[in-house]
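First up is the structure itself, then whatever we jot down about it.
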2 protein chains.
Amino acid sequence: MDKKTIMESARERVIETISHNMYLYGVTPSIGRLYGTLFFNNEPMTLDEMKEELKMSKTSMSTSVRTLTDLNMVEKVWKKGVRKDLYEAKKDWYQIFIDFFSNEWRKVVSLNVKAINQSIRELKTVLEEDLTIDEKETILRDLEKFNYAIEYYKWLNQLFDYFESNQIFDLITKEGKEPY
Amino acid sequence: MDKKTIMESARERVIETISHNMYLYGVTPSIGRLYGTLFFNNEPMTLDEMKEELKMSKTSMSTSVRTLTDLNMVEKVWKKGVRKDLYEAKKDWYQIFIDFFSNEWRKVVSLNVKAINQSIRELKTVLEEDLTIDEKETILRDLEKFNYAIEYYKWLNQLFDYFESNQIFDLITKEGKEPY
DNA sequence: AATTACATACAGAATAAACTGTACGTACAA
DNA sequence: TTGTACGTACAGTTTATTCTGTATGTAATT
């Protein structure tokens, strides 16, 4: 096997692995493959180049790039004289990991907390009324679960604060430097 | 609105919210709804009870329960005299969160590390041969990226160790107690 | 041993998600 | 102002996932 082929396949192997494992970030293999391609490409790419490289439609490239941008995994870059949009992969994987929690998880936590608080209020109102022993018991147990959930979400948010503030890196040191 | 309805809908709201947000753990709304139902049900449930409650097929209940079991979110319990399998929701959400990383993320990290190490070995072999300046440059930059990734995965594993060993709770205290 | 009650494998149907091609709007170029 | 190059909205198609019903195997019950 010639060196060009080896170089190619070494890179492809990793791109393919990444693409199949990025489901943890909620993205499909195709989008993962695009990220991998951008990550290893040493120059920013246009939509047409991506389309060419991945043999997919330009529309797909456009929406995939948007998804990756929303996840802070890709950014648009400017190069004077170039009319087409250029995109490059963000390479700080620690930051991507942290942003994922700051954005995706916090969004969910916030929705859950809102729903739970609403339900807590409703149950507390019902608790004022005349109730059978069983009804009261049911409500109290539900309230206990709601309160537990609220505490858990507080804990999660504190954890995410810890990530976001970079204090986590005092605890677990970041080694190596970002590739350029 | 009568109290029975309010109690019902307060619970349903939260179950529904949970069900739509459990995609972060990689499960569908249906499976999330099942978890929510089990979480609020104060007794373990049989597949037939789940099927009845969620108006879905027993087959779906069976496979969903398996998925939740794999994620350490549900467990089978024994009750003498009862022939059907009984399942109940695990209620330690902190543990569920931690297990998710220990299991799902570590699995992925391990696959990625394996692929990257293989590619590193291949590129190092090629590096021995005669190469143009450009080829050498490309290889060195790829190697730099591979090494960066390896360091990142080490960091992630350390983070997961920190979770798994419960040291994380020294740092961010767990408040409240688990609902029974 | 025969019967019944159960969980799940499997194939097919229903549903949802991903992907494409065309059409449109916008911005730059002539 | 007209023409050209570009990105993306949208509708329809393809592909993948989820869900169901039937069939099968196993374990408890008679």
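Below, chain A is the first sequence line, B the second, and so on; all start at residue 1.
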In residues 119-131 of chain A, what donor-acceptor pairs under 3.5 Å come from side-chain atoms, sequence neighbours left out?
from	atom 1	to	atom 2	distance (Å)
A:Ser119	OG	A:Ala115	O	3.4
A:Ser119	OG	B:Ala10	O	2.7
A:Ser119	OG	B:Arg13	NH1	2.7
A:Arg121	NH2	A:Gln118	OE1	2.8
A:Glu122	OE1	B:Arg13	NH1	3.3
A:Glu122	OE2	A:Gln118	NE2	2.9
A:Glu122	OE2	B:Arg13	NH2	2.7
A:Thr125	OG1	A:Arg121	O	2.9

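Taking Ile, Leu, Val, Met, Phe, Trp and Tyr as members and joining any whose side-chain heavy atoms lie under 4.5 Å apart, directly or through other members, the hydrophobic cluster of B:Leu86 also contains B:Val77, B:Val82. Residue B:Ile133 is found outside any hydrophobic cluster, as its side-chain heavy atoms come under 4.5 Å of no other Ile, Leu, Val, Met, Phe, Trp or Tyr. In the hydrophobic clustering, B:Trp78 connects to no other residue, as no ILVMFWY side-chain heavy atoms lie under 4.5 Å from its own. Think of B:Tyr180 as one node in a network of Ile, Leu, Val, Met, Phe, Trp and Tyr side chains linked at under 4.5 Å; it has no links at all.
For the ring pair (Phe, Tyr, Trp, His ring centres under 6.0 Å) condition, the pairs that include at least one residue of residues 114-146 of chain B, sequence neighbours left out, are A:Phe40-B:Phe146.
For the segment residues 15-29 of chain B, no residue has any heavy atom less than 4.0 angstrom from an atom of DNA chain C. Less than 4.0 Å separates DNA chain D from at least one heavy atom of each of the following residues of residues 75-88 of chain A: A:Arg83, A:Lys84, A:Asp85. Of the residues in residues 36-58 of chain B, those lying under 4.0 Å from DNA chain D by heavy-atom distance are B:Met56, B:Ser57.
Of the candidates D:dG21, D:dC19, D:dA9, the closest approach to any side-chain atom of A:Thr59 belongs to D:dA9.
Checking the phosphate oxygens (OP1, OP2) of D:dC19, no side-chain nitrogen or oxygen of B:Arg33 falls inside 4.0 Å.
Among residues two or more places apart in sequence or in another chain, the salt bridge (charged side-chain N to carboxylate O under 4.0 Å, His left out) test is passed with A:Glu12 by none.
Rounded to 10 degrees, the angle separating the terminal helix axes of the helix from C:dA1-D:dT30 to C:dA30-D:dT1, each built from five base pairs, is 10°.
With a heavy-atom cut-off of 4.0 Å to chain B, the contacted part of DNA chain C has its first and last nucleotide at C:dT4 to C:dC10.
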